Amino acid sequence: SAANHKNEPIKERMDSWIDQMYSPLIETQREKIHAILEYNLESNVELPLDLVENVIIILKNLVQNIVSYGDRLHDKVIISTNPFYKIGDRDNIRIYMRTYGIIDSDVIDKIGIAPIRTHHNDIPHYGMFLIGMMTRILGGAMHVSRKSTSDFYVIEIKIPISRGRIHEQT
């Protein structure tokens, strides 16, 4: 149907955006930015077009955060309709961000809830706050975790496919 999109356009559109956004960089640097994103999208799960648009906004913001503040070689953003821990759940789209450098431990409880001020400067950063707000508007949830044995954080964004759209008021 016209309201549904096959999932390939997410990767194609992100690839195109990275090439345009980071065109001044040499190709090897752009390849590192492309490698930040991993796709685990099942072809039999159709995503509504308006959800695709909102997911792309979130992905662009996460990539920009990694390029600006993170570790381009090790930080990852994985978008998945195939959950790692709940086989058979096809009701949600998930975005996982594994980051070694973006989050200071003293602001972990503010990720997605409030603008963040870092030690590096006193300017508030709104990106993760806006992603958190958008996720909640779409009926989803955002969770930040860190295993005590690891040196990276995982931000998980889960958005219901059926409710993952901003409904117009009637």
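Just so it is clear, the structure is predicted and the values come from calculations on it, not from any experiment. These numbers come from the heavy atoms of this one structure, side chains and all, not from hydrogens, waters or symmetry mates.
Here the closest heavy-atom approach between residue R72 and residue I66 is recorded as CA-CG2, 4.2 Å. Here the shortest heavy-atom pairing between L62 and M97 reads CD2-SD, 3.5 Å. Looking at every heavy atom in both residues, L41 comes nearest to T81 through CA-OG1, 3.5 Å. Residues N92 and P160 share a closest heavy-atom pair of OD1-CA, 3.3 Å. Here the shortest heavy-atom pairing between M128 and M142 reads CE-CE, 3.6 Å.
The side-chain heavy atoms of V77 and I95, taken from C-beta on, include a pair separated by under 4.5 Å. Residues K11 and P9 fail the side-chain proximity criterion, which asks for heavy atoms closer than 4.5 Å. At least one side-chain heavy atom of D151 sits less than 4.5 Å from a side-chain heavy atom of Y100. Here the side chains of T135 and I58 are in contact, with some heavy-atom distance below 4.5 Å. Proximity of I57 to E53: side-chain heavy atoms (C-beta onward) are nowhere separated by under 4.5 Å. Two residues are said to be in side-chain contact when any heavy atoms from C-beta on lie closer than 4.5 Å; I10 and L47 meet this criterion. For the pair Y22/Q29, no side-chain contact is recorded, criterion being any heavy-atom separation below 4.5 Å from C-beta on.
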Go through the steps for I36 and K32 under the test side-chain contact (heavy atoms from CB on, under 4.5 Å), then give the verdict.
CA-CA 7 Å; I36 289 169; K32 288 175 185 167; over 6 Å; no
Is there a side-chain contact (heavy atoms from CB on, under 4.5 Å) between D91 and I161 once you walk through the steps?
CA-CA 6 Å; D91 298 330; I161 291 173; over 6 Å; no
Could you please spell out the steps behind the side-chain contact (heavy atoms from CB on, under 4.5 Å) verdict for K60 and M21?
CA-CA 10 Å; K60 286 178 179 179; M21 179 77 180; over 6 Å; no
Pair Y96-I155, side-chain contact (heavy atoms from CB on, under 4.5 Å): steps then yes or no:
CA-CA 6 Å; Y96 301 91; I155 298 169; over 6 Å; no
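Panel note: side chain K76, backbone A35; a donor-acceptor pair is recorded below 3.5 Å. Judged by distance alone, the side chain of S16 and the main-chain N or O of E12 form no donor-acceptor pair under 3.5 Å. At distances below 3.5 Å, at least one donor-acceptor pair connects side-chain atoms of R30 with backbone N or O atoms of L25. Between the side chain of D71 and the main chain of L73, a donor-acceptor pair closer than 3.5 Å is present. No donor-acceptor distance shorter than 3.5 angstrom exists from the side chain of D15 to the backbone of H34, with no hydrogens or angles considered. A distance-only check finds a donor-acceptor pair linking the side chain of N54 to the backbone of D50 [under 3.5 Å].
Note that CE of M14 is 8.5 Å distant from CD1 of I79, once rounded to the nearest 0.5 Å. The CD1 atom of I18 sits 7.0 Å away from atom CD1 of I33, with the distance rounded to the nearest 0.5 Å. How far CD1 of I159 is from CD1 of I157: 6.5 Å, rounded to the nearest 0.5 Å.
Of the residues L59, N65, V63, the one that meets the side chain to side chain contact (heavy atoms under 4.5 Å, CB included) test with N61 is N65.
Look at R98 and E156 and you find no salt bridge, because none of the NZ, NE, NH1 or NH2 atoms lies under 4.0 Å from a carboxylate O.
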